[in-house]
Amino acid sequence: MPDRFADKLLRWYDQHGRHDLPWHHNRNAYRVWVSEIMLQQTQVTTVIPYFEAFMARFPDVHALASAPVDDVLGHWSGLGYYARARNLHKAAKQVVDEFGGEFPADQKQLENLTGIGRSTAAAIVAQAFEKRATILDGNVKRVLARYHAVPGWPGQAAVLNQLWEHAESHTPEARIKDYTQAIMDLGAMVCTRSKPGCEACPLNDGCLAYARDEIRLYPGSKPKREKPEKTTWMLILEDAEGRILMERRPPSGIWGGLWSLPELDPAYGSDELQDACARELGLNCHSPEPISGFRHTFSHYHLHIQPVRLPVAGNTQVGDSDRLRWLHREEALSLGLPAPIRTLLTEPEQATLL
DNA sequence: GACTCGTGGTA
DNA sequence: TTACCAAGAGT
């Protein structure tokens, strides 16, 4: 049974909530879906320009389903978590092939689409179809962990299940679209991770953590783990015409499906790179010109990227395959590149010669 | 259940 | 400079 929680929250939302985000206009299941996928683990201010460009290029599910995956990845370049883009493209085809281009209004059917989980399916049902459904994203987890003083890290299944139960219990029948936006807005604008605005919170009188003055204890933090250090050679192979050899990365793993620079095993020493290049890529290269490396931090490890210039002598047999392409710098930059590779190609002064 | 998957903001 | 983490989902 819905409680006063939703009423207080909605009253606050009417005055202080965000009513003007890009995906609030021309609202339909497609736009809600794309926004929800982009917003996974990604902040609103980062998403907005990507969303606008994506909608201009892929205005509906048919445009997305019929587009080349490279085009989709290109519009995702710099946003991160690129499996989202591959899954988005795959799911668009599913919607066209299995549902005639119309998104199902059922949460379970939505969850069968690639890349749509429980919370995202609920968000689409609530926001696009205005049917009662319960979301549980990072904002809601934080609000509810504090409101009910739920101990533990939400990554633990037991903790997560408790939060889902609380979330279900507060979900109202009426104004579901607004409620869904409201509880996310409260988490993003008031019940923030650091320096929450408890004095201005519409729910502070029922908040258990606030009553105990223990806001900082919730939600529980993730257990720390050591981040391993990894190293890789990134080859800048430039031919006589100034073209650079680009390589498509494998579909899974880091930067899956994106175009990047060819890599060699870090076990090779600098003096072995020229031979390794000939053996593994069939290229006749000049001697390597080391460039100062840089460290890039991922969620689970640090990667020391060691770029190396290896000018290529004469014609080469490599290239124009599905995996390897010789491209001018501008052509390469039009592909979906990982952020550090884009930086390496656009700001070579960042990687100056040793 | 543990692990993987990016990037930019923030303290 | 570094650690933490945000509109999660797939393997």
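Just so we're on the same page: letters track the sequence lines, and every chain starts at 1.
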| query | Of A/Trp23 and A/Gly115, whose nearest nucleotide on DNA chain C comes first from the 5' end? | reply | A/Trp23
| task | Name the nucleic acid region contacted by A/Leu258, choosing base, sugar-phosphate or nothing; use a 4.0 angstrom heavy-atom cut-off, strictly under. | result | nothing
| said: If you only use heavy atoms from C-beta on, which nucleotide in B/dA2, B/dC5, C/dC4 is closest to the side chain of A/Lys224? | reply: C/dC4
| message | Nearest to the side chain of A/Asn87, heavy atoms from C-beta on, is which of C/dG10, B/dG1, C/dA3? | response | C/dG10
| said: Return whichever of A/Gly78 or A/Arg225 has its heavy-atom-nearest nucleotide of DNA chain B closer to the 5' end. | reply: A/Arg225
| said: Please confirm whether the shortest side-chain N or O distance from A/Arg86 to OP1 or OP2 of B/dC5 is below 4.0 Å. | reply: no
| request: Report the residue from A/Asp14, A/Asp7, A/Thr180 that forms a side chain to side chain donor-acceptor pair (under 3.5 Å) with A/Arg175. | output: A/Asp14
| field | A/Leu160 CG to B/dG1 P, straight-line distance once rounded to whole Å | value | 10 Å
| message | What's A/Thr297 touching, base or sugar-phosphate or nothing? Going by heavy atoms closer than 4.0 Å. | response | base
| When we call it a touch if two heavy atoms are under 4.0 Å apart, what does A/Arg342 touch: a base, just sugar-phosphate, or nothing? | nothing
| query | What is the distance from CD of A/Gln94 to P of C/dG10, rounded to the nearest Å? | reply | 10 Å
| Any donor-acceptor pair under 3.5 Å linking the side chain of A/Ser35 with the backbone of A/Val32? | yes
| task | Report yes if a donor N or O on one partner sits less than 3.5 Å from an acceptor N or O on the other, where the partners are the side chain of A/Thr46 and the base of B/dG9; otherwise report no. | result | no
| said: Tell me the closest heavy-atom pair linking A/Trp233 and A/Gly269, and the distance in Å. | reply: CZ2-C, 4.2 Å
| query | Nearest to the side chain of A/Tyr81 - C/dC5, B/dG6, B/dA2? | reply | B/dG6
| query | So which one's nearest nucleotide on DNA chain C is more toward 5', A/Ile116 or A/Lys227? | reply | A/Lys227
| If you look at every strand shown and take non-hydrogen atoms under 4.0 Å, does A/Thr42 touch a base, only sugar-phosphate, or nothing? | base
| task | When you get a sec, tell me which of B/dT7, C/dA3, C/dG8 is the closest nucleotide to the side chain of A/Gln41? | result | C/dG8
| field | Exercise: identify the closest heavy-atom pair between A/His24 and A/Arg18 | value | CE1-O, 3.3 Å
| field | Heavy-atom pair of closest approach, residues A/Ala63 and A/Ser66 | value | O-OG, 3.4 Å
| task | Indicate, yes or no, whether a donor-acceptor pair under 3.5 Å links the base of B/dG6 to the side chain of A/Ser299. | result | yes
| request: Give a yes or no answer on whether the side chain of A/Ser77 reaches the backbone of A/Leu337 with a donor-acceptor pair at less than 3.5 Å. | output: yes
| Rounded distance in Å - CD1 (A/Ile254) to C1' (B/dC3) | 13 Å
| message | Would A/Lys230 pass as a cation-pi partner of A/Tyr301, given that its NZ or CZ must be under 6.0 Å from the six-membered ring centre and within 45 degrees of the axis? | response | yes
| query | Does the side chain of A/Ser221 get closer than 4.0 angstrom to OP1 or OP2 of C/dC4 through an N or O atom? | reply | no
| said: Applying a 4.0 Å non-hydrogen cut-off, can you work out what A/Gly187 is touching in the nucleic acid: base, sugar-phosphate, or nothing? | reply: nothing
| How close or far is atom C1' of C/dG8 from atom CG of A/Leu88, stated in whole angstroms? | 14 Å
| message | Any base atoms under 4.0 Å from A/Gly155, or only sugar-phosphate, or nothing? Heavy atoms, all strands. | response | nothing
| Taking the side chain of A/Ala339 as its heavy atoms from C-beta onward, which of B/dG8, C/dA6, C/dG8 lies nearest to it? | B/dG8
| note | When rounded to whole Å, the CD to P distance for the pair A/Glu36 and C/dA9 reads 9 Å
| query | To the side chain of A/Ser119, which of B/dA11, C/dA9, B/dG6 is closest? | reply | C/dA9
| request: Describe the nucleic acid contact of A/Arg18 in one word from base, sugar-phosphate, nothing, applying a heavy-atom distance below 4.0 Å. | output: base
| Where the side chain of A/Arg86 meets the backbone of A/Pro251, is there a donor-acceptor pair that is under 3.5 Å apart? | yes
| field | Sugar-phosphate only, base, or nothing, as touched by A/Gln181 at under 4.0 Å among non-hydrogen atoms | value | base
| said: Distance check needed: C/dG10 C1' versus A/Asn112 CG, whole Å only. | reply: 14 Å
| field | P-based separation of C/dC4 from B/dC3 [nearest Å] | value | 16 Å
| Nearest to the side chain of A/Trp255, which nucleotide is it out of C/dC4, C/dT2, B/dG6? | B/dG6
| Using the P atom in both, what is the distance from B/dG8 to C/dA9, to the nearest Å? | 23 Å
| remark: Which of B/dT4, C/dC5, B/dG6 is nearest the side chain of A/His300? It is B/dT4
| task | Take atom CD of A/Gln43 and atom C1' of C/dG8, then tell me their distance rounded to the nearest Å. | result | 15 Å
| request: Look at all strands and tell whether A/Pro340 reaches a base, only sugar-phosphate, or nothing, counting heavy atoms closer than 4.0 Å. | output: sugar-phosphate
| remark: Among the nucleotides C/dC5, B/dT7, C/dG8, whichever has the atom closest to the side chain of A/His296 is B/dT7
| field | Whole angstrom value for the distance that separates P of B/dT4 from CD of A/Gln40 | value | 19 Å
